[in-house]
Protein chains: 2
Amino acid sequence: MTGPDDFDLGDLKLPEPQQLEAYFALTEAVSLLQHHVEQQLRAEGGISTVQFQLLMALNGAGQLTMTQLADGVVYSRSGLTYQAALLEKAGLVTRGPSPDDERATLVAITDKGRETVGRVLPGHIQVTRRLLYEAVSAEDLNRLRGIMSRVRDHIREEPPRSAAPRRKRTF
Amino acid sequence: MTGPDDFDLGDLKLPEPQQLEAYFALTEAVSLLQHHVEQQLRAEGGISTVQFQLLMALNGAGQLTMTQLADGVVYSRSGLTYQAALLEKAGLVTRGPSPDDERATLVAITDKGRETVGRVLPGHIQVTRRLLYEAVSAEDLNRLRGIMSRVRDHIREEPPRSAAPRRKRTF
DNA sequence: TATTGTTATACTCTATAACTATA
DNA sequence: TATAGTTATAGAGTATAACAATA
């Protein structure tokens, strides 16, 4: 991607080239990283990144309702139902009614689910170490943690997307 | 996601909690950011992020071959053909044979394509400013740029993914 | 033979809307 | 009425393999 220098952007305050560079480097590096991670998870565990994230959440909590599970994984409810159904069919989780709230579905990780996490995690850590940690000094990694935690929290505080107007796509 | 404290990972050297935090904050923040960006591009330009990236590349270069266009956008050739066909149908690019190499297809951005970029870019910049730049000091943004540029280059130098063994997914 | 690109095909994933059931 | 979740459905996107044409 090149700079937006040759546009008529009216009064829009353009970002400094350094700002743009930070943005591009950030998104591109993470895209590449995620791609490698996806490959590893698929190869060693037969699961997608989303499924791995769900299993990790359940591995910590033991069991969660669908709504609790949806928090943290930006997702539509139906999308989560779809993934949970896949995980259940694979025997990695079970689904059942909640005693506290009859409306809720409790999703619980199975032994096989924990086994899958245990099988996949070492490779996952290896990939992130090789691609991320090895490229960054301990000091910089610490800075990165602070910066991106702040960014994450900042975005999380954003008003819900429902505020944004929808337009039909042109194709 | 919680920590992997309760696994038998054998001899695997576990990352420090701070390392994990950096990784999680990084991927989560970028996911959230990309989600907002996608919304904006769709709403104001009717295009996806991938299509925006392709248009940005073409907007700088004027025209590129499919192979050149594929560089930088991690993508299968067929996937690029699919996206290029969509962009062509929408009148944002044209495709034609290359005079230099009869095998190559030259993809060129049209006036309408440039107009779309110009229409979408201000909002794109606004979103990134609101979500990213505003959360980070100038100094930290500069650090972020340096760090992530290094990570990106590091990952780019990785051996091709064909080295990774493929396994069938379990479901 | 290697490279460029397209096509056919199959599959994964995601979102929307309508629906059921409980609070 | 509001909330939790599912289902039906439709569409976008992606990858693989087979293919044609040129270098």
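Computed from a predicted model, the values in this text were never measured in an experiment. In what follows, every chain begins at residue 1, and chains take the letters A, B, ... in the order their sequences are listed.
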For [N] and [X] - does any side-chain N or O of the residue sit under 4.0 Å from the phosphate oxygens OP1/OP2?
| X | N | result |
| --- | --- | --- |
| B:R95 | C:dT6 | yes |
| B:S48 | D:dG13 | yes |
| A:Q83 | C:dT12 | no |
| A:R103 | C:dT20 | no |

Take the protein atom [atom1] of [X] and the nucleotide atom [atom2] of [N], then report the distance between them rounded to whole Å.
| X | N | atom1 | atom2 | value |
| --- | --- | --- | --- | --- |
| B:Y82 | D:dT16 | OH | C1' | 17 Å |
| A:I47 | C:dT12 | CD1 | P | 15 Å |
| A:L69 | D:dA4 | CG | C1' | 13 Å |
| B:Q51 | D:dG11 | CD | C1' | 13 Å |
| A:R77 | C:dT14 | CZ | P | 16 Å |
| B:D100 | C:dT4 | CG | P | 14 Å |
| A:E38 | C:dC11 | CD | P | 18 Å |
| A:F52 | C:dC13 | CZ | P | 16 Å |

Side chain of [X]: nearest nucleotide among [options]?
| X | options | answer |
| --- | --- | --- |
| B:T81 | C:dA23, D:dG5, C:dT6 | C:dT6 |
| B:D101 | D:dA23, D:dA12, C:dT16 | D:dA23 |
| A:R42 | D:dA4, C:dC13, C:dT6 | C:dC13 |
| A:V50 | D:dG13, D:dG5, C:dT14 | C:dT14 |
| A:S78 | D:dT7, D:dT6, C:dC13 | D:dT7 |

For this session: On the 0 to 90° scale, with breaks at 30° and 60°, tag the B:Y23-A:Y133 ring pair as parallel, tilted or perpendicular.
Result: perpendicular
Exercise. Which part of the nucleic acid, if any, lies within contact of A:T65, taking any heavy atom under 4.0 Å across all strands shown: a base, the sugar-phosphate backbone alone, or nothing?
Worked result: sugar-phosphate
Seminar exercise, completed: Given the options A:H35, A:Q34, A:E38, A:T49 meets side chain to side chain donor-acceptor pair (under 3.5 Å) only with A:E38
Problem set entry | For B:V151 against A:A29, the heavy-atom pair lying closest together | CG1-CB, 4.1 Å
Exercise. About how many Å separate CG of A:L141 and CD of B:E21, when rounded to the nearest 0.5 Å?
Worked result: 10.0 Å
Exercise. Less than 4.0 Å between a side-chain N and a carboxylate O, is that true for A:D153 and A:R150?
Worked result: no
